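First the structure, in the form of structure tokens, and then the observations on it.
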There are 2 protein chains.
Amino acid sequence: MPKVDRRIMKTKEAINNAFIQLMSERDFNKITINDISERANINRGTIYLHYTDKFDLLDKCIDEHLGNMLNFCTSTKTGEERLNIFHSLLPMFKYFEENYLLYSSMLSNKGISCFHDKMIRMSINGINELINTGKINQEYNKDVDIQFMASAFVGTVEWWIKNDMPHSPQFMAQQLWNIFERNQLFNP
Amino acid sequence: MPKVDRRIMKTKEAINNAFIQLMSERDFNKITINDISERANINRGTIYLHYTDKFDLLDKCIDEHLGNMLNFCTSTKTGEERLNIFHSLLPMFKYFEENYLLYSSMLSNKGISCFHDKMIRMSINGINELINTGKINQEYNKDVDIQFMASAFVGTVEWWIKNDMPHSPQFMAQQLWNIFERNQLFNP
DNA sequence: TAATTTTTGTTCATTAATAAACAAAAGTTG
DNA sequence: CAACTTTTGTTTATTAATGAACAAAAATTA
């Protein structure tokens, strides 16, 4: 990958940090480009060099962080482990815990649904991968089933984050795993 | 004053922070321009746009921070208070306490004497101002006396900083003030 | 000491960020 | 609703920072 100019890295990080900070303070529709540029201590015009508007910024911000999460969950694993759902469940909860400020802001923030939507889409992708590799009980391979599972899964995770993470990552991963087992979701 | 480009502000602050950090870790002559640019996350060449070499950087760094100190000691005061030595002693000790990392690095660091020299010069300037305004007992108005007083004063402050500030700013200011009174240094 | 590596200070062409200005859109106020 | 203020998105000329290259100096190593 061609190395990125360090000015771009710094600018983007400043924008992202400012944005996440502001998202934890007030609702998305109360945040202006002005606010972001002031908080990030950069020229307002500079934001437009990287993002078309604040919706684009929100979009890319979520994409990047969910991408980091996925990476974190799969990076240190072998191909076999990667498809073992429990080995990914635990790091996922841990990652959310470590980035509490970001994800709780995103979820508590009125006026944005794209975070939820992206979580759903990510889950569906994950489920499809498990189906294609035969890890999942084929009987669940219908779009309604997939949607049902994704909604349940994402809803549970979101509930956990929004309610200040009332259980440990270990506990949550184990509980979800138990549910999956009880429903014979995974092939042995 | 004409407003400075915000890029310059950011670059200088990054350089200064990196430099102070490094000064607290190792001796000045073990610090390279390379180290500073890496720590500051800026291009090495950029340093040369603002400083001729690392000695110049050290010099300007000290000047700036001692300037801040002077400012802090005199800013919130009226003209009368400003020349009342006790009203400046206390804030001085407080300022050093608040910027402990910086000043203890400067003093503990082998290979630099300019910090001490600048402190002496600053004290001499202060004493001269007090003489010119008649605040100081005229009998002390000889260069040897001035040098004696400045050395004693600076040496005491440096001792306090180097030995991890064994007394409170209040105590130090009071003790110094007592010494001045005992020697009838100041006119009533 | 000689060979080698690191650091320095400078140059260069290129790119990113800047301040300032502007009209249009959106939001707020009386 | 109209007057007003704020925010937006874009443009422009200018400046600062960048990475890369280089030879010389300094420091390190054998």
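Model, not experiment: these values are computed from the prediction. Proteins get letters first, then strands, A, B, ... in listed order; numbering begins at 1 in each.
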[X] [atom1] to [N] [atom2], straight-line distance once rounded to whole Å:
X: Lys3(B); N: dA17(C); atom1: NZ; atom2: P; result: 21 Å
X: Lys54(A); N: dT8(D); atom1: NZ; atom2: P; result: 7 Å
X: Glu38(A); N: dT8(D); atom1: CD; atom2: C1'; result: 14 Å
X: Tyr51(B); N: dT10(C); atom1: OH; atom2: C1'; result: 19 Å
X: Met9(B); N: dT18(C); atom1: CE; atom2: P; result: 13 Å

Please tell me if [X] has a side-chain N or O lying less than 4.0 Å from either OP1 or OP2 of [N].
X: Tyr48(B); N: dG9(C); value: yes
X: Asn43(A); N: dA17(C); value: no
X: His50(A); N: dA16(C); value: no

Asp5(B) near the nucleic acid: base, sugar-phosphate alone, or nothing, with a heavy-atom cut-off under 4.0 Å? sugar-phosphate
When we call it a touch if two heavy atoms are under 4.0 Å apart, what does Lys10(B) touch: a base, just sugar-phosphate, or nothing? sugar-phosphate
When you measure only distances, ignoring hydrogens and angles, does the side chain of Arg7(B) come within 3.5 Å of the base of dT15(D) through a donor and an acceptor? yes
Identify which nucleotide among [options] has an atom closest to any side-chain atom of [X], counting heavy atoms from C-beta outward.
X: Thr46(B); options: dT10(C), dT18(D), dA17(C); value: dT18(D)
X: Thr11(B); options: dG9(C), dA17(C), dA17(D); value: dA17(D)
X: Arg6(B); options: dG9(C), dA19(C), dA16(D); value: dA19(C)

Of Phe96(B), Tyr95(B), Phe93(B), which meets ring pair (Phe, Tyr, Trp, His ring centres under 6.0 Å) against Phe72(B)? Tyr95(B)
Less than 3.5 Å apart, any donor N or O on the side chain of Glu129(B) or Asn125(B) sitting next to an acceptor on the other? no
Quick one: do the Gln21(A) and Asn17(A) side chains pair a donor with an acceptor below 3.5 Å? no
For Gln174(A) and Asn178(A), what are the C-alpha separation, side-chain angles and deciding distance, and is it a side-chain hydrogen bond (donor to acceptor under 3.5 Å, both in side chains)? CA-CA 6 Å; Gln174(A) 188 60 57; Asn178(A) 291 348; 3.1 Å; yes
Does NZ in Lys94(B) sit with more than 12 non-hydrogen atoms of other residues, nucleotides or ligands closer than 6.0 Å?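 Result for NZ/Lys94(B): open.
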